[in-house]
Protein chains: 2
Amino acid sequence: MKEQLVKFESEFSIDCVIFGFEAGELKILLIERKNEPFMDWLALPGDLVENDEGIEEAAERILHQLTGLHDVHMEQFHTFGAVNRHPRGRIITVAYYALIRIDSQRELKAGQFAKRALWHSVNDLPKLAFDHTEIFKTGFNKLRRRLSYQPIAYELLPEKFTLTQLQQLYEAILNKKLDKRNFRKKMLSYGFLKELDEKQKNVSFRAAKLYKFDRRKYSKIFQSEMGVDVDI
Amino acid sequence: MKEQLVKFESEFSIDCVIFGFEAGELKILLIERKNEPFMDWLALPGDLVENDEGIEEAAERILHQLTGLHDVHMEQFHTFGAVNRHPRGRIITVAYYALIRIDSQRELKAGQFAKRALWHSVNDLPKLAFDHTEIFKTGFNKLRRRLSYQPIAYELLPEKFTLTQLQQLYEAILNKKLDKRNFRKKMLSYGFLKELDEKQKNVSFRAAKLYKFDRRKYSKIFQSEMGVDVDI
DNA sequence: GCTTATTGTGTAAAAATTACACCAGTATAA
DNA sequence: TTATACTGGTGTAATTTTTACACAATAAGC
């Protein structure tokens with residue numbers, strides 16, 4: 001094998017599609033790039049992977065740097081490795097998505113390569129830098145599919161939420177209207193929603209009951225019913 | 001940024017879980033390693049990705065080198081990047097699965113790093129080299145899940161097949177018995193199975209009707225019904 | 001107390017899924 | 001030729017799940 005001397009540079013990166021839900025809209029976290037290439041464009045947050053770092057760790061690090069959050073469930077969904085996806089040369093990127101509760105109090109840290117970070121609705125996204133539009137679309141599709149067999153919606157909502165909020169979130173992700181009565185019937189039939197003795201506050205109309213997601217009941221019910229991911 | 005001089009070596013590889021179906025059993029294609037580490041162990045076929053090669057291309061190349069097949073549908077399912085997954089140092093691997101029709105006539109080429117290649121039932125796999133057991137399990141689970149919303153079984157069967165063969169394949173993948181009458185009713189109700197005027201030959205019992213998968217009808221029926229992977 | 005906006009609820013029809021058993025056809029052996 | 005062994009092929013009823021659909025109850029703001 002011929003030995004070649006090259007400037008060492010990590011050839012992989014992580015890109016993150018970070019979903020949040022606010023004001024009835026599904027949003028993702030984007031950064032505005034400070035440098036070329038794609039200066040001033042919006043892009044998915046991401047970074048190169050360090051040499052002594054696993055890819056899961058790297059994904060968590062990036063999310064933490066941006067939001068200050070720890071222990072958020074992230075899920076890898078695809079790896080993009082077309083030869084020319086990056087003008088700087090061959091960079092393979094592993095894409096993750098995360099679901100977080102948007103807290104408008106929390107300050108977003110843009111990091112050294114970005115002018116700023118912002119929440120942007122998934123509905124009227126402009127063209128993103130690199131192949132990030134494709135990455136986003138792929139991630140959004142995985143999220144949709146996953147919603148049908150995992151209770152991921154609860155990671156996007158505040159701890160206490162109303163059934164209407166839950167329904168709006170499903171509608172935002174699936175991009176279609178759902179029937180209110182059937183939706184509530186179905187959700188309640190699962191048995192892992194816990195009705196609280198509390199109601200919405202500060203609304204100028206009839207306040208709705210609050211619910212929370214009962215993780216314990218969920219795992220009891222679904223320990224092996226969804227049955228597909230069982231070990232072999 | 002400090003410039004470091006290092007011997008260049010690709011840091012990614014591709015590993016393939018190649019499924020086939022033969023004698024009522026689901027099998028995968030394995031190689032027996034010729035060199036250390038893990039000499040003589042069974043492993044998934046894989047290789048480093050060349051610098052001027054996209055990851056999809058690399059996956060196709062590996063499959064082609066092994067089986068001589070072209071144009072096989074491959075699907076990426078996960079990327080494994082734990083720091084210590086490979087004793088040689090940091091190697092991130094992108095895993096693909098492929099579904100092929102086992103043709104016992106076709107010779108398998110083991111390639112320069114393997115003593116031989118073989119089909120092995122998924123049911124009594126020994127421990128595989130590196131983290132390949134984990135990779136296999138992950139891929140098998142994805143295959144199962146995918147079976148429920150895509151007609152992938154047809155890629156594993158010969159062009160003409162009986163309903164019993166189709167059912168055995170489903171049973172092998174899902175690892176459970178299915179009811180014959182309900183299974184047939186359901187499959188036929190989809191409308192993309194074409195009944196042929198032909199029967200099984202050389203069997204020592206009543207010969208079954210042969211069917212084939214009608215790809216055209218399938219896409220007509222499911223153009224947007226499965227609706228989830230639509231563009232945004 | 002009137003208006004306005006949203007919550008919360010039930011039933012009937014249709015569709016999909018499940019459970020279940022026996023006769024028909026072909027090859028082989030007696 | 002007859003019997004045997006084996007697999008192919010078929011229908012119905014009960015249950016469960018999904019869908020479609022409309023109005024009274026409640027709270028806030030005026």
Side-chain angles (χ1 to χ4, degrees), chain A residues 21 23-25 144 147-149 151 157-158 160-172 174-212 221-222 225-228, chain B residues 21-25 144 147-149 151 153 157-158 160-172 174-212 221-222 225-228:
Chain A
F21 185 63
E25 279 201 306
R144 281 182 178 160
L147 183 66
S148 64
Y149 61 89
L157 290 172
K160 301 172 183 182
F161 52 86
T162 69
L163 292 179
T164 301
Q165 287 168 336
L166 183 62
Q167 182 174 345
Q168 285 170 342
L169 175 52
Y170 268 76
E171 290 177 339
L174 301 175
N175 195 28
K176 65 177 175 197
K177 282 276 162 205
L178 301 172
D179 178 89
K180 184 164 62 161
R181 277 183 288 191
N182 292 336
F183 179 80
R184 293 160 102 96
K185 204 190 317 176
K186 189 132 204 271
M187 286 297 148
L188 293 173
S189 78
Y190 288 136
F192 51 64
L193 287 183
K194 191 169 172 182
E195 186 178 330
L196 302 177
D197 282 334
E198 223 175 319
K199 297 199 163 180
Q200 250 179 332
K201 275 170 190 151
N202 304 320
V203 285
S204 69
F205 44 78
R206 176 176 176 183
K209 275 186 213 155
L210 290 170
Y211 289 79
K212 71 184 207 188
I221 298 168
F222 290 87
E225 273 193 58
M226 321 249 20
V228 173
Chain B
F21 184 64
E22 194 184 38
E25 278 201 309
R144 283 182 176 158
L147 184 66
S148 64
Y149 61 89
L157 291 171
K160 301 172 181 181
F161 53 86
T162 69
L163 292 180
T164 300
Q165 287 169 336
L166 184 61
Q167 182 175 346
Q168 284 171 342
L169 176 52
Y170 268 76
E171 289 177 341
L174 301 176
N175 194 30
K176 64 176 175 197
K177 284 275 162 209
L178 301 173
D179 177 89
K180 184 163 63 159
R181 279 183 285 193
N182 293 334
F183 179 80
R184 292 160 103 96
K185 204 190 317 174
K186 187 133 204 269
M187 285 298 149
L188 293 172
S189 78
Y190 288 137
F192 51 63
L193 286 183
K194 192 169 172 180
E195 186 179 331
L196 301 176
D197 282 334
E198 222 175 319
K199 295 199 164 181
Q200 253 179 329
K201 274 169 192 150
N202 305 320
V203 285
S204 69
F205 43 78
R206 175 176 176 184
K209 276 187 212 153
L210 291 171
Y211 288 79
K212 71 183 207 190
I221 297 168
F222 290 87
E225 274 194 58
M226 320 245 24
V228 173

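Order of the sequence lines sets the chain letters (A, B, ...), proteins ahead of strands, with each chain counted from 1.
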**Request:** Decide side-chain contact (heavy atoms from CB on, under 4.5 Å) for Y190(B) and I221(B); before the verdict, give the C-alpha distance in whole Å, the side-chain angles of both, and the deciding distance to 0.1 Å.
**Result:** CA-CA 8 Å; Y190(B) 288 137; I221(B) 297 168; 5.9 Å; no
**Item:** Backbone N/O of R184(B) and side chain of Q167(B): donor-acceptor pair under 3.5 Å
**Value:**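 No, the answer is negative, given that no donor and acceptor are paired below the 3.5 Å cut-off.
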Taking all non-hydrogen atoms of both residues, which atom of [X] and which atom of [Y] are closest, and how far apart?
X	Y	value
L163(A)	F183(A)	O-CE2, 4.0 Å
G24(B)	A172(B)	O-CB, 4.4 Å
F21(A)	Q165(A)	CE2-O, 4.0 Å

If I take atom [atom1] in residue [X] and atom [atom2] in nucleotide [N], what distance separates them, rounded to the nearest angstrom?
X	N	atom1	atom2	result
L210(B)	dG8(D)	CG	P	11 Å
Q167(B)	dT7(D)	CD	P	13 Å
K180(A)	dC23(D)	NZ	C1'	10 Å

**Message:** Walk along nucleotides 24-30 of chain D from 5' to 3' and tag each nucleotide B, S or - by protein heavy-atom contact under 4.0 Å, base first, then sugar-phosphate.
**Reply:** -BBSSS-
**Fill in**
Quick tally for nucleotides 12-20 of chain D: nucleotides whose base has a protein heavy atom under 4.0 Å get B, sugar-phosphate-only ones S, the rest -, giving B-----SBB
Under 3.5 Å, which donor-acceptor pairs link side chains of residues 192-203 of chain B to any protein atom two or more places apart or in another chain?
{"residue": "E195(B)", "atom": "OE2", "partner": "K209(B)", "partner atom": "NZ", "Å": "3.2"}
{"residue": "E198(B)", "atom": "OE1", "partner": "K160(B)", "partner atom": "NZ", "Å": "2.9"}
{"residue": "E198(B)", "atom": "OE2", "partner": "K160(B)", "partner atom": "NZ", "Å": "3.3"}
{"residue": "Q200(B)", "atom": "OE1", "partner": "A208(B)", "partner atom": "N", "Å": "3.0"}

**Request:** Shoot me the first and last contacting nucleotide of DNA chain C against chain B, ordered 5' to 3', at under 4.0 angstrom to non-hydrogen atoms.
**Result:**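 The footprint of chain B covers dT17(C) to dA27(C).
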**Request:** Rounded to the nearest 0.5 Å, what's the gap from CG on L147(B) to CG on L174(B)? Could you check?
**Result:**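 If we round to the nearest 0.5 Å, L147(B):CG and L174(B):CG are 5.0 Å apart.
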**Request:** Could you grab the distance from atom OG1 of T164(A) to atom CD of E171(A), nearest 0.5 Å is fine?
**Result:**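 Between T164(A) OG1 and E171(A) CD, I get 9.5 Å after rounding to 0.5 Å.
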**Request:** Using a 4.0 Å heavy-atom cut-off across all strands, classify T164(B) as base, sugar-phosphate, or nothing.
**Result:**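 Here T164(B) touches the backbone only, sparing every base.
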**Request:** For N182(B), check side-chain contact (heavy atoms from CB on, under 4.5 Å) against everything at least two apart and list the hits.
**Result:**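 Only D179(B), K185(B) meet the side-chain contact (heavy atoms from CB on, under 4.5 Å) criterion with N182(B).
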**Request:** Go through the structure and list residues passing ring pair (Phe, Tyr, Trp, His ring centres under 6.0 Å) with Y211(A), not counting sequence neighbours.
**Result:**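 Partners of Y211(A) under the ring pair (Phe, Tyr, Trp, His ring centres under 6.0 Å) test: none.
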